[in-house]
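Only one structure is covered here, and it is reproduced in the block below.
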Amino acid sequence: MPELPEVECVRRGLARADLDGKAIDAVWRSSHALRTGAFWRDEGLHWLEGAHTVRFDRRGKFLLWVLRSADDVPLQAVIHLGMTGRVTVLAADAPLLPHTHLVVKLRGGPQLHYSDPRRFGGVHVDTVAALESAGPVAELGPEPLGRGFNGTVLHERGRRSKRAIRDVLLDQKVVAGLGNIYVSEALFVAGIPPLAPAAELHMSAWDRLGVAVREVLRQGLRNGGTTLRDYRGTSGERGRNQNALKVYGRAGQPCPSCGASLHGYVHGGRSGVMCRRCQPARRRR
DNA sequence: CAAGAATCCTGAATGC
DNA sequence: TGCATTCAGGATTCTT
């Protein structure tokens with residue numbers, strides 16, 4: 001499941017593909033619906049025709065394709081990869097990947113394909129002006145790898161919550177870009193039990209968490225993202241961070257720190273992994 | 001307001 | 001071997 005490091009790797013792949021300034025010649029859309037709802041619509045897709053790429057940005061788990069329309073209006077294609085979404089840069093004559101839902105043909109040859117077997121992802125094109133005032137990107141919390149993010153920021157945004165700290169970290173309005181994998185990893189690194197109520201954490205725990213969140217995300221980035229099953233980069237390449245995960249996906253295996261058997265759990269319909277000895281409800285003094 | 005469940009979806013993994 | 005069932009989960013929406 002793509003989280004911040006995976007989406008950032010996709011962004012970097014697109015930035016390296018040298019697409020800036022290339023105009024869009026054609027847009028093809030499959031008949032299968034992608035994510036729908038109050039925000040996600042197909043209506044803006046036609047704006048892509050004739051637009052050209054300015055750059056690729058990212059906010060949390062959202063990939064932002066920054067464009068300028070044919071009549072010079074600033075646009076963004078907001079792309080969420082959901083669970084199985086992939087953005088692939090392909091040559092002009094490349095065949096469609098399975099479950100391709102959007103193909104954008106650029107002048108001079110290259111194509112961008114959006115494929116997504118489970119269709120939990122979405123693509124939404126709108127003016128920058130509209131996107132700044134409404135929609136999921138407008139409501140995101142701070143970037144965990146951004147300047148000034150630390151335990152104090154997390155504490156400020158989460159300390160009043162009675163929810164489990166793991167649920168607070170998964171809340172994109174609290175901090176943008178974390179999912180199941182990196183939350184499990186960060187809580188392990190910080191030595192905090194996932195189900196501890198956020199309001200009961202000491203400041204020292206928030207500080208450790210602020211450091212740990214950045215550490216695990218940076219490691220994910222360095223390793224080209226985590227490919228447990230579906231994630232691929234813009235050339236179809238797998239990440240390598242799955243080999244570096246300390247706890248996620250390793251339930252039943254020995255804790256890399258103390259050797260105790262790692263504990264898999266489900267909470268709020270989402271699974272996680274922890275070490276009961278290294279992440280005790282009450283910390284040893 | 002918050003916690004939990006249902007919803008969307010397909011392919012891989014598991015069960016018999 | 002083959003068919004049926006289960007599971008996976010990000011974000012939203014509904015229910016309690």
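Letters A, B, ... are given to chains in the order of the sequence lines, protein chains preceding strands, and every chain is numbered from 1. Side chains are part of it too, since the values below use all heavy atoms of this structure and drop only hydrogens, waters and symmetry mates.
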### Message
Side chain of A:Lys162 only, heavy atoms from C-beta on: which candidate in B:dT10, B:dA3, C:dG9 is closest?
### Response
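Shortest atom-to-atom distance from the side chain points to B:dA3.
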Heavy atoms only, 4.0 Å cut-off, all strands: where does [X] land among base, sugar-phosphate and nothing?
X	value
A:Thr84	nothing
A:Tyr248	sugar-phosphate
A:His267	sugar-phosphate

### Query
Does A:Val54 share a hydrophobic cluster with A:Val73, counting links as ILVMFWY side-chain heavy atoms below 4.5 Å and allowing steps through other members?
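Cluster IDs for A:Val54 and A:Val73 differ.
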### Query
According to a 4.5 Å side-chain heavy-atom criterion applied to Ile, Leu, Val, Met, Phe, Trp and Tyr, with indirect links allowed, do A:Val174 and A:Leu195 form part of one hydrophobic cluster?
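No; tracing contacts between hydrophobic side chains, which count when under 4.5 Å, never links both residues.
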### Message
Pick the closest DNA chain B nucleotide for A:Arg229 and for A:Ser161 by heavy atoms, then say which residue is nearer the 5' end.
### Response
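Result of the comparison: A:Ser161.
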Any donor-acceptor N/O pair, [X] side chain to [Y] backbone, under 3.5 Å:
X	Y	answer
A:Glu185	A:Val247	yes
A:His99	A:Leu97	no
A:Arg214	A:Phe149	yes

### Task
Give, ordered by number, those residues of residues 169-178 of chain A having at least one heavy-atom distance below 4.0 Å to an atom of DNA chain C; if nothing qualifies, reply none.
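Close to the strand are A:Gln172.
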Could you list the protein-to-nucleotides 5-9 of chain B atom pairs, N/O on both sides, closer than 3.5 Å?
| residue | atom | partner | partner atom | Å |
| --- | --- | --- | --- | --- |
| B:dC9 | O4' | A:Arg118 | O | 3.3 |
| B:dC9 | O3' | A:Arg119 | NH2 | 3.2 |

Taking atom [atom2] of [N] as reference, at what distance in whole Å does atom [atom1] of [X] sit?
X	N	atom1	atom2	value
A:Glu6	C:dG9	CD	C1'	14 Å
A:Leu195	B:dA3	CG	C1'	13 Å
A:Leu81	C:dA8	CG	C1'	17 Å
A:Arg59	C:dG10	CZ	C1'	17 Å
A:Glu139	C:dA11	CD	C1'	12 Å
A:Leu97	B:dT10	CG	P	17 Å

### Task
Examine C:dA11: is either OP1 or OP2 under 4.0 Å from a nitrogen or oxygen in the side chain of A:His80? Give yes or no.
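Yes, A:His80 has a side-chain N/O under 4.0 Å of OP1/OP2 on C:dA11.
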### Query
According to the interplanar angle, ranging from 0 to 90°, do the rings of A:His80 and A:Phe62 count as parallel (below 30°), tilted (30 to 60°) or perpendicular (above 60°)?
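Perpendicular.
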Thinking salt bridges, do [X] and [Y] make one under a 4.0 Å N-O criterion?
X	Y	value
A:Glu8	A:Arg11	yes
A:Asp57	A:Arg55	yes
A:Glu3	A:Lys61	no

### Message
As a test of understanding, state which of A:Leu75, A:Val104, A:Leu14 forms a side-chain contact (heavy atoms from CB on, under 4.5 Å) with A:Trp65.
### Response
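Of all the options given, the one that passes is A:Val104.
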#### Entry: A:Tyr231 and A:Gln242 side chains, donor-acceptor separation under 3.5 Å
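Short answer, no.
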Pairs: protein N or O with nucleotides 14-16 of chain C N or O, under 3.5 Å:
none

### Query
Mapping A:Phe62 and A:Val266 to their closest nucleotides on DNA chain C, which lands nearer the 5' end?
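It is A:Val266 whose nearest nucleotide is closer to the 5' end.
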